[in-house]
Amino acid sequence: MAKSRQKFSNQDSSLSPTAARSREWDGPSRWTDYLGPEMASPLSSSSSRNIYHDGQSQGTTPAQSHKGINMQWVVQLTEVAEGLMAKMYRLNQLLDYPDPINHVFSEGFWKAGVFPNHPRICVLLSKKFPEHFSKLQLERIDKIAWDSLQDHAELHLQSLEPWVQLLLDLMVFREQALRLILDLSSTVITLLPHQNSLILHAFMDLFCSFVRVNLFSEKMPRKMLLQTYNFLHAMSRNERDCDFYHRLVQFVDSYDPPLKGLQEDLNFVSPRIGEVLEAVGPIIFLSTDTRKLRNEGFLSPYHPRYPDILTNSAHPLRAQDLANVTAYREWVLFGYLVCPDELRRVTSIDIALVVLKENLVLTLFRDEYILLHEDYQSYVLPRILESKRMAKSGRTKQKEADLEYNVAKQVEKMISEVHEQAILSCDAIHRERRILLKQEIGRMVLFFTDQPSLLAPNIQMVFSALALAQCEVIWYFQHVGIASSRSKTTRVVPVDIDPNDPTIGFLLDGMDHLCCLVRKYIAAIRGYSLSYLSSCAGRIRFLLGTPGMVALDIEASLKGLLQQIVHHLENLPKPQGENISAITCDMSDFRKDWLSILLIVTSSRSSINIRHLEKATVSTGKEGLLSEGNAAYNWSRCVDELESVLSKHGSLRRLYFYHQHLTAVFRNTMFGPEGRPQHCCAWLGIASSFPECASSIVPEEVTKIGRDAVLYVESLIESIMGGLEGLINILDSEGGFGALENQLLPEQAASYLNQTSRVSIPSYKSPKGTAGFPLPGHESFPENNGSIKMLEAAMQRLTNLCSVLNDMEPICVLNHVFVLREYMRECILGNFRRRLLGVLKTDNDLQRPTVLESLIKRHISIVHLAEQHISMDITQGIREVLLSEAFSGPVSSLHLFEKPTDQHTGSATESVCNWYIENIIKDVSGAGILFVPIHKCFRSTRPVGGYFAESVTDLRELQAFVRIFGGYGVDRLDRMLKEHTAALLNCIDTSLRSNRDVLEAVATSLHAGDRIEREASVKQIVDLETVIGFCVQAGLALAFDRLLAEASGAILEEGAPLIHSLLDGVIKHLPDGVPEKEEIRRMRTVANTVGVVNDHDSVWVRSILEEVGGASDGSWGLLPYLFATFMTSNIWSTTAFNVDTEGFSNNIHCLARCISAVIAGSEFVRLEREHQHRQSLTNGHASEGMDPELSSHMSAEASIKSTLQLFVKLSADIILDSWSETHRSHLVAQLIFLDQLCEISPYLPRSSLETHVPYAILRSVYSQYYADTQSTPLAILNASPRHSPAVLLAHASPVLRHHRGGDSPQYYGHESGYFKGSSSHNQEHLYDDIGSLRSMDNKQRNVRRSGPLDYSASRSRVKSVEGSTSGSTGPSPLPRFAVSRSGPLAYK
């Protein structure tokens, strides 16, 4: 509100009749609040605003000034109407869209702060209008509300004040607009479109705006507003009504309902309106005749009858008029609604029928509308029936009465039936029109893209095509969700508008392409327009010199204006060369002068009018003067106002008010069967024009509409990116590319072969589908052709969409810029991340790494397919995603930095590593995880999640894990294994500390040979079984890490063989020293993670103990005694050796791995600390002679060897001491356990076991186990090792073995022990072959794999061992084994 209106309630003098009259008659200056800044600058796009700008300076003489003011007021009042409706629209928004006709007001209405929140009084005032409040006894209706209103009357007056002023402005607008409409209709000679189109459009725009404002005013609570304000005014002004109350009551009452008042007020201009509507009828008929438009080429750049002539000059005027057909239809609907008598013209029935049949609603302002047919039946039909009765009563001549009666009867029939027709056929009519426009605009875009030089001559046709498409698109969204009541019943019928209509996308895309073409070739269009205007100057000069014009007595002012027109056109810049785009030409003066001429010659008060000029110039056989001038006027706008004209015909900013429907239709059609990816550009581009809908009268609209436009774009982008993800995921599904990569798993292939082998029918050819799963190549069968076509269509749509989004210009909405390429990149990478995290786990549990790898590769191949159409590096982004999901921290052995605390990465790695720790190492699901040394994998008695353990832990699967997650994943899993093992080692440390005294007693008793004391002490050890379980679990972790290192090394050798060979070579030459230098330790750790260090386990445990500061207590010296007491555990009674796995049923073989590694690692750490302690005592002065580090390393190895030998001695003592005839079930497992310990540990030669457990006993044990297995297939695979001298040497006893690359000699014996009577000769060969296979399979260590024949070298060295004795204490079980012919397992 202006400042003059802010004191409205406080200074009542401003409301006096005098003040009101002065404001009412002060001309256009009254409406400054309703005139936006557009009126002050010539940038408006509407034709009416152009007329305003062009008409401001006309009126060069006093005689013409009055006409100029009239024209100025026409345009100003049209703008005022827009402002009034914007304010009413805002009021309805604030009041939550009330229904004042039925007095229905929502809760939001009363909470809006406009009206007092006292519904009973306010609604009663509205219902009793126009009765004065003093007659209603309101105090009795609601006493509390009455008192509240009295207390806060001034406050309520202030809130109502601006809206009462709006009501007063509506009243003044009505009076001024009516006077101006009457003035124009009575003074303008002709209002025909082909003669005086400019003034006609200005006049009809004002006429329609006047009707709209008054129809829209019915939607605001005028009665309640006026009555409540007057009631509050009287309360605060001593019972005195406000000065304008009675005039406003009369105004509101006369327009209640508005159509009744409009029909009465506009009755005087009804004949002129009827003439105009009859004149535009032919163009309306043409626009509805799709066949004629198509066949005669009104919207085609080709000549309809002469295809060789490209430019379309067949219908230039008609094609131009089609651009205004939308306005013509509105004129018809409003004109016959408020001037119903004009329907009695004979031709009017057909015109009204055509327009009414294709519309159900009549838009008033933005998305506000009235139901068209209901109002025609309520307000037009009664007038027609009245005229029918009058004609029947015979008040006129009989002949005229009959004609009038028949016409009225036809009109009555038409209005009664057209509603039903519209409900049934309007959507079909518009769909047919949309299909026509889709085809024509599509051809037009292709043609003008190929022949851009012909765009300028046909620019008017382009504007017509844009206008028609604009009309159809807006009509579609105006009618979505509309419900209309049938004419003969009260039943409400929803209009069947198809929300999946793909033609909308085609029209939007076509309009967008046409607008882009016009903007692209704007310089060519400007140049062509200038050329046309230059040639037009000659024609006008010629017409002015014709005898007819010379003979006319033209006033000096008019003659001067005509000469000025010629002067403007002749002085235009001449487009030459390539500098057309640099030409700046302002044609506004030319248009002002031409408008001045029109105002003079169309006035009934002028001595020279339009008919005189036409008669004087048309005799030449060419276009008349006015036709040439009007054409020049239109072409002049293509010189300096092309953008505004394009905006008028091609802008879809009004769709903002239907943006919810826009989003829904877009989602339904964009990715439908007929959707096109390239259409998304147009759907998004609409939003750029949305902020233009904001009215400057209501400042808060700019923010709201801008925010809604941004949300609309974001919503569409979300849908587009969702579609993009959908296309990628369709291709990346099992029904997509997955169907082309079907491979049978080994178990599936076995099942398939088993089932097909059972089919004995000879005619059975194709076993397809027998096993219940698709076979490779099934996509080639004819019945699967549809799925392949679907894949091809999805690929085509994906590539098209990527190409379109890549080439799309940025979308600018206010200060927001949307670059679709960036969104697409983020979408593809985000989808890849989600896909990666999604396929990590199946419904049951972890996905197999090999399957996961193949799924990732498949997805990346689809991304590469899309990347070919995107000018961005998506592959780099994929790598970043994989890196971020794999990177859970720096590699401990390589990187020296810490991971930032705010960096959240590595979720995929964490997920997979946690699964392995929980389900394989800890076995939280109780699946019976068992490490299988012979196959280098883990097995389970039942599935862990979706797979058995061997399916996710063998080398092939771990290699896939390494390929996916790289060094970061390996390091993370290694760290987690270390953390878990560190916790287990801490338990050992705790057990050593807590049982120190007991273990010392055990050590004393063991060395003294006191069995009773030893057994008593062992029983005092706390939680022995628990510690054994922890050690077994640590052994599992060691085994798993060894497999992981082997897999990592294989991948490194495959991908970076030079680095692998470098590490392999360096590790052989690293100096062995205790303590190791930091660089050497790091290098050894790195080499250990890729499996090139022979003694993986001890190095790994050593690094753990160094990190956590373990093995620091003196109690660790009792470690071999603690481990030896494990032989007294009850776990051995349930332990059984398995030949197939070369391990034990309860993972006790992992205990051997743990004992070996922990003893070796702890000894290294202990000696390092002792060395550091000595260094500190000697102040760093080393002793002369041998290198102290080398000597320390040799002493460490000797200490480890002696500790392990002590453990073996103690264990053998306990094992053989505890044996008896009644208690010997544990014996065999324990002996094999000790043998496996010697095999696992590089520091423990087998000869050290010979002094405690003779080889003959072990050979007998193994012979018995292997005799019970069916290993015949293995026997024929390889010759006996006796036939190979190399193998003979390898199995000789003792043999020199190099455990660390050959640096440190190590001895262990393979004393031949061959039982003559324990088995047949063939069986001995079988055992020899098994041992040969195992020894050849393990070339790194060059040791046997727990087979019996590793102890036999040649027949010449066969000795009898029946009389041998062992070095162990206690009674020896040897005599029993010596006389046994069946092995040690013949237990009772």
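All residue numbers in this chain count up from 1 along the given sequence. Note that the structure is a prediction, hence the values are computed from the model and not measured.
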Geometric class of the Tyr89/Phe657 ring pair [parallel <30°, tilted 30-60°, perpendicular >60°]: perpendicular
Donor on one side chain, acceptor on other, Tyr656 and Asp367, under 3.5 Å: no
Polar side chain donor-acceptor pair, Gln470 to Thr326, under 3.5 angstrom: no
Residues His859, Asn729; criterion side-chain contact (heavy atoms from CB on, under 4.5 Å); working and verdict: CA-CA 8 Å; His859 192 97; Asn729 293 339; 4.2 Å; yes
Donor-acceptor pair between Arg329 and Thr288 side chains, under 3.5 angstrom: no
Side chain proximity check, Ile283 to Asn324, heavy atoms < 4.5 angstrom: no
Donor-acceptor pair between Arg90 and Ser695 side chains, under 3.5 angstrom: no
Side-chain donor or acceptor of Arg835 paired with backbone N/O of Leu855 under 3.5 Å: no
Distance-only side-chain donor-acceptor flag, Thr875 / Glu867, under 3.5 Å: yes
Glu701 bridged to Lys704 by N-O distance under 4.0 Å: no
Under 3.5 Å side-chain donor-acceptor pair for Asp509 and His513: yes
Aromatic plane relationship, Trp331 with Tyr328 - under 30° parallel, 30 to 60° tilted, over 60° perpendicular: tilted
